[in-house]
There are 2 protein chains.
Amino acid sequence: MKITAQEEYGLRCVLRLAKAESGAVTLPEVAAAEGLSVPYVAKLMSVLRNAGMVDSVRGRAGGYHLTRPAEEIGLGSLLLTLGEPLFEETEYCQKHAGSEAPNGVCKNHSTCTLKSLWQTLEHWLRHTLDQITLADLIQHEGRLPELLRERLAAAVLDDEPQLVTLTVK
Amino acid sequence: MKITAQEEYGLRCVLRLAKAESGAVTLPEVAAAEGLSVPYVAKLMSVLRNAGMVDSVRGRAGGYHLTRPAEEIGLGSLLLTLGEPLFEETEYCQKHAGSEAPNGVCKNHSTCTLKSLWQTLEHWLRHTLDQITLADLIQHEGRLPELLRERLAAAVLDDEPQLVTLTVK
DNA sequence: AGGAATGTGTACTTTTTTGTCAAGTTTAGC
DNA sequence: GCTAAACTTGACAAAAAAGTACACATTCCT
């Protein structure tokens, strides 16, 4: 449960695009700014491009730019496209059945308690991270911890309005 | 950013110990129950033992047991001992300095915005997960999602009492 | 046209993580 | 004491992730 290299560096590359208000940013520019190799940045951009997060322009005056404004890109979705979900939904019960569930029987079975845990955690984590946008990371550089706490707290309210009531003083 | 095999299986093994109210559980018992090989369970237990989460008794009537009651073992701490933190605090700025910080200069530098993000996220994630104990996982098997939401919401209150006020209806 | 600067895509090498193997140590029971 | 059942440890093999290499395609500029 750690941030993978692809998530970390991918996010950094996207932030470079977000900082360049308009106009395309080239692979060499991003690579130089982040201290990464050009081919590696190309690989990261390929992932982001296939996910529809960035667009590219080929040719001499080419480069990359975001497909949406930085204000609309939440960290939860972005990190999910760069990495993987907390656990693989498919095949989960087959793989972890254990001796008590030899036939792949799983529903409501005690062995699969953890599936509920991971599902809930996954949903909650992505939803909460989506409260923070790329624009936030750029604008509030100095006061990130404070901003984060506010947004995290707000996510609880947003997610379960009928269950809890939250008041920010 | 996904649950590692060691975290998943380690947690499952610990749950087996927690379910066996008193008395030791042997490696073969855990391995059979979870469908894992005995040597692999031994490796996982070794990690847990070195972290002080479980104790072992050698010899013919030996086995493993928890060092603390299941009610006192939070998921955040447990998963942290089984896996790794979200990011490595040490060497972080050296590795990710990029071209704008060639001399290792980092404090308050824009390139290190992400460090604040990961730190805050790490603290918040572990703290929140610690609201859920091993005993919770065993007792509330069927209604885990509801329990989780309550605990997650409560964590916000607990973490920042002066910032937010939370009311559970 | 042609060359230089750019992105695209596949295959490969290196590193890290997973999981196994095998030899050794401890202890209860006979 | 001896054996069987248990834990301990370090080295090893397999799989996945990270990062590189290289040949190729596209476009601008002259």
Side-chain angles (χ1 to χ4, degrees), chain A residues 1-13 16-17 20 23-32 34-67 79 82-85 87-88 91 95-96, chain B residues 1-13 16-17 20 23-67 82-85 87-88 91 95-96:
Chain A
M1 206 174 175
K2 64 180 185 185
I3 308 290
T4 66
Q6 189 161 296
E7 287 165 337
E8 167 89 36
Y9 293 128
L11 174 54
R12 285 174 180 273
C13 292
R16 292 290 171 180
L17 303 192
V25 183
T26 68
L27 286 180
E29 283 170 353
V30 175
E34 291 299 339
L36 303 172
S37 75
V38 173
Y40 188 35
V41 175
K43 191 178 195 173
L44 295 172
M45 285 305 195
S46 165
V47 174
L48 291 163
R49 200 179 84 89
N50 292 328
M53 301 293 305
V54 306
D55 260 353
S56 63
V57 178
R58 295 175 73 136
R60 183 159 178 170
Y64 293 87
H65 58 88
L66 300 179
T67 53
L79 290 178
L82 283 168
E84 297 181 77
F87 77 108
E88 298 296 335
E91 305 173 3
K95 288 179 61 179
H96 302 285
Chain B
M1 206 174 176
K2 62 180 187 185
I3 308 289
T4 66
Q6 189 162 295
E7 286 165 337
E8 167 89 35
Y9 294 128
L11 175 53
R12 285 174 180 274
C13 293
R16 292 290 171 181
L17 302 193
V25 183
T26 69
L27 286 180
E29 283 168 354
V30 174
E34 291 299 337
L36 303 173
S37 74
V38 173
Y40 189 34
V41 175
K43 190 177 196 173
L44 295 172
M45 286 304 195
S46 164
V47 173
L48 291 164
R49 201 179 82 89
N50 291 330
M53 302 294 305
V54 306
D55 261 352
S56 63
V57 178
R58 295 175 74 138
R60 182 158 181 171
Y64 293 88
H65 59 88
L66 301 179
T67 52
L82 283 168
E84 297 179 79
F87 76 108
E88 298 296 334
E91 305 172 4
K95 287 179 62 179
H96 302 283

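In what follows, every chain begins at residue 1, and chains take the letters A, B, ... in the order their sequences are listed. Keep in mind that what you see is a predicted model, and the values were worked out from it rather than measured.
A search for side-chain contact (heavy atoms from CB on, under 4.5 Å) contacts involving B/P39 returns B/S37, not counting sequence neighbours. Under the side-chain contact (heavy atoms from CB on, under 4.5 Å) criterion, B/A5 pairs with B/Y9, B/Y40, sequence neighbours left out. Partners of B/A31 according to the side-chain contact (heavy atoms from CB on, under 4.5 Å) rule, which considers only residues two or more places apart in sequence or in another chain, are B/V38, B/V41. Evaluation of the side chain to side chain donor-acceptor pair (under 3.5 Å) rule for A/E7 yields A/T4 as partners, not counting sequence neighbours.
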Show which side-chain atoms of residues 42-58 of chain B pair as donor or acceptor with protein atoms under 3.5 Å away, not counting sequence neighbours.
| from | atom 1 | to | atom 2 | distance (Å) |
| --- | --- | --- | --- | --- |
| B/N50 | ND2 | B/S46 | O | 3.1 |

Under a 4.0 Å heavy-atom criterion, the protein footprint on nucleotides 6-19 of chain D, written with B, S and -, is SBS--------SSB
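A/L44 places its CG atom 14 Å from the C1' atom of C/dG7, with the value rounded to the nearest Å.
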